[in-house]
Amino acid sequence: MDENNHRPQQGLPKRMALLAWVTLFVVFFLFFDEQIENRFNPNQTPEVIHVGDTIELKLKQNRSGHYVVNGTINGQPVVYLLDTGATTVTIPGHLADRLNLVPGYPQTVSTANGNRTVYRTTAEILTIDKIMLYNVAANLNDGMTGDYILLGMSALKQLDFKQSDGWLYLSQSN
């Protein structure tokens, strides 16, 4: 009878060891996941400079040479990949509902992956950290599978920007 009382406790050290390993794995996963995200998007909280009525964002280039920054479209969080070679802001089609975007008329555009049919839309409010833009022309592209928004010239032409030594400075005067 004494043996039966000790059997449930024999598995307790194994369960505690398993729980410790699982906890350690989760902690490492979260740490390294954040490190990887920071390498892709080093601008999680960009430096914001206010000079009079001008807002300036200082964005660091990521390891691949791109500028990535957080923002919103119609109040929903997004991640932008700045693309001065893109005429228009380009949004993966599968994000349309989440971003409250209505697909408009189709048009054919030339992309790095060949010709694509996209659907015109308008982002009523587009923010890049503290910078706010209104009624920005955009395209919904069903051929894009990721969740990143290509921030093209339909948004960037409304800002002043300059690049220097791995930094991009975006500014907007009110």
Side-chain angles (χ1 to χ4, degrees), residues 33-51 54-174:
D33 185 53
E34 184 177 329
Q35 293 298 315
I36 291 168
E37 181 61 26
N38 285 337
R39 285 184 180 176
F40 176 73
N41 182 0
N43 303 302
Q44 300 288 326
T45 53
E47 183 178 342
V48 179
I49 303 163
H50 294 273
V51 179
T54 300
I55 298 171
E56 183 176 84
L57 296 181
K58 183 178 177 183
L59 304 178
K60 184 178 182 179
Q61 200 173 51
N62 71 11
R63 291 179 149 226
S64 300
H66 298 113
Y67 295 99
V68 179
V69 66
N70 297 335
T72 66
I73 293 180
N74 298 332
Q76 299 300 311
V78 296
V79 178
Y80 298 114
L81 176 63
L82 279 69
D83 186 354
T84 58
T87 305
T88 307
V89 172
T90 303
I91 302 165
H94 68 273
L95 297 178
D97 288 339
R98 182 173 73 83
L99 301 177
N100 300 311
L101 297 170
V102 178
Y105 66 89
Q107 73 181 60
T108 301
V109 296
S110 178
T111 72
N113 295 321
N115 291 337
R116 295 267 185 212
T117 299
V118 297
Y119 298 89
R120 300 285 296 159
T121 192
T122 301
E124 291 179 26
I125 301 174
L126 183 149
T127 68
I128 311 162
D129 200 83
K130 304 287 184 210
I131 292 175
M132 295 183 77
L133 304 173
Y134 299 94
N135 300 314
V136 177
N139 290 327
L140 294 170
N141 183 339
D142 291 331
M144 292 174 67
T145 57
D147 289 341
Y148 303 108
I149 311 297
L150 295 180
L151 193 66
M153 291 306 294
S154 61
L156 294 173
K157 72 181 180 186
Q158 298 180 48
L159 306 172
D160 291 320
F161 57 94
K162 63 182 176 182
Q163 183 178 356
S164 177
D165 297 325
W167 293 92
L168 180 69
Y169 301 87
L170 297 176
S171 61
Q172 177 186 45
S173 297
N174 291 328

Could you please spell out the steps behind the side chain to side chain contact (heavy atoms under 4.5 Å, CB included) verdict for Arg116 and Met144? CA-CA 10 Å; Arg116 295 267 185 212; Met144 292 174 67; over 6 Å; no
Work out which heavy atom in Tyr119 is nearest to a heavy atom in Gly104; give both atom names and the distance. CD2-O, 3.5 Å
For the NZ atom of Lys162 and the CG atom of Leu168, what is their distance to the nearest 0.5 Å? 10.5 Å
To the nearest 0.5 Å, what is the distance between CG (Leu57) and OH (Tyr67)? 13.5 Å
Report the distance from atom OG of Ser173 to atom CD of Glu56, rounding to the nearest 0.5 Å. 10.0 Å
In Å and rounded to the nearest 0.5 Å, what is the CD1 to CG distance from Ile91 to Leu151? 9.5 Å
What do the steps show when you test Leu170 against Leu156 for side chain to side chain contact (heavy atoms under 4.5 Å, CB included), and what is the final call? CA-CA 9 Å; Leu170 297 176; Leu156 294 173; 4.2 Å; yes
Under 3.5 Å donor-acceptor, Asn139 side chain and Thr90 backbone: no
Do Leu95 and Gln76 touch side chain to side chain, with heavy atoms closer than 4.5 Å? no
Which atom pairs, one a donor and one an acceptor, fall under 3.5 Å between side chains of residues 121-132 and the rest of the protein, sequence neighbours left out?
unit_1: Thr121; atom_1: OG1; unit_2: Val102; atom_2: O; d: 2.9
unit_1: Thr127; atom_1: OG1; unit_2: Thr72; atom_2: N; d: 3.0
unit_1: Thr127; atom_1: OG1; unit_2: Thr72; atom_2: OG1; d: 2.5

Take His94 and Asp147, measure what side chain to side chain contact (heavy atoms under 4.5 Å, CB included) needs, and give me the verdict at the end. CA-CA 9 Å; His94 68 273; Asp147 289 341; 2.8 Å; yes
For residues Pro92 and Asp142, determine if any side-chain heavy atom of one lies less than 4.5 Å from a side-chain heavy atom of the other. no
Are the side chains of Asp160 and Tyr169 in contact, using a 4.5 Å heavy-atom criterion? no
Closest non-hydrogen atoms of Ala96 and Leu140, given as atom of the first, atom of the second and distance, are CB-CD1, 3.8 Å
Taking the side chain as everything from C-beta on, heavy atoms only, tell me whether Phe161 gets closer than 4.5 Å to Leu82. no
Is Asp97 atom CG crowded by more than 12 heavy atoms from other residues, nucleotides or ligands, each under 6.0 Å away? no
Rounded distance (nearest 0.5 Å) linking atom CG of Asn41 with atom CG of Asn62: 8.0 Å
Can Val109 and Asn141 be said to form a side chain to side chain contact (heavy atoms under 4.5 Å, CB included), step by step? CA-CA 10 Å; Val109 296; Asn141 183 339; 5.7 Å; no
Would you sort out whether His66 and Asp83 count as a side-chain hydrogen bond (donor to acceptor under 3.5 Å, both in side chains), showing the intermediate values? CA-CA 8 Å; His66 298 113; Asp83 186 354; over 6 Å; no
Measuring only between side-chain heavy atoms, which start at C-beta, is Thr88 closer than 4.5 Å to Met153? no
To the closest 0.5 Å, what do you measure between NZ (Lys157) and CG (Leu133)? 11.0 Å
Just so I know, are the side chains of Ile73 and Tyr80 near enough to count as touching, which here means a heavy-atom distance under 4.5 Å? yes
Is the backbone N or O of Val136 less than 3.5 Å from a side-chain atom of Ser154, with the two atoms forming a donor-acceptor pair by type? no
Between Asn43 and Lys60, what is the shortest heavy-atom contact and its length? OD1-N, 2.7 Å
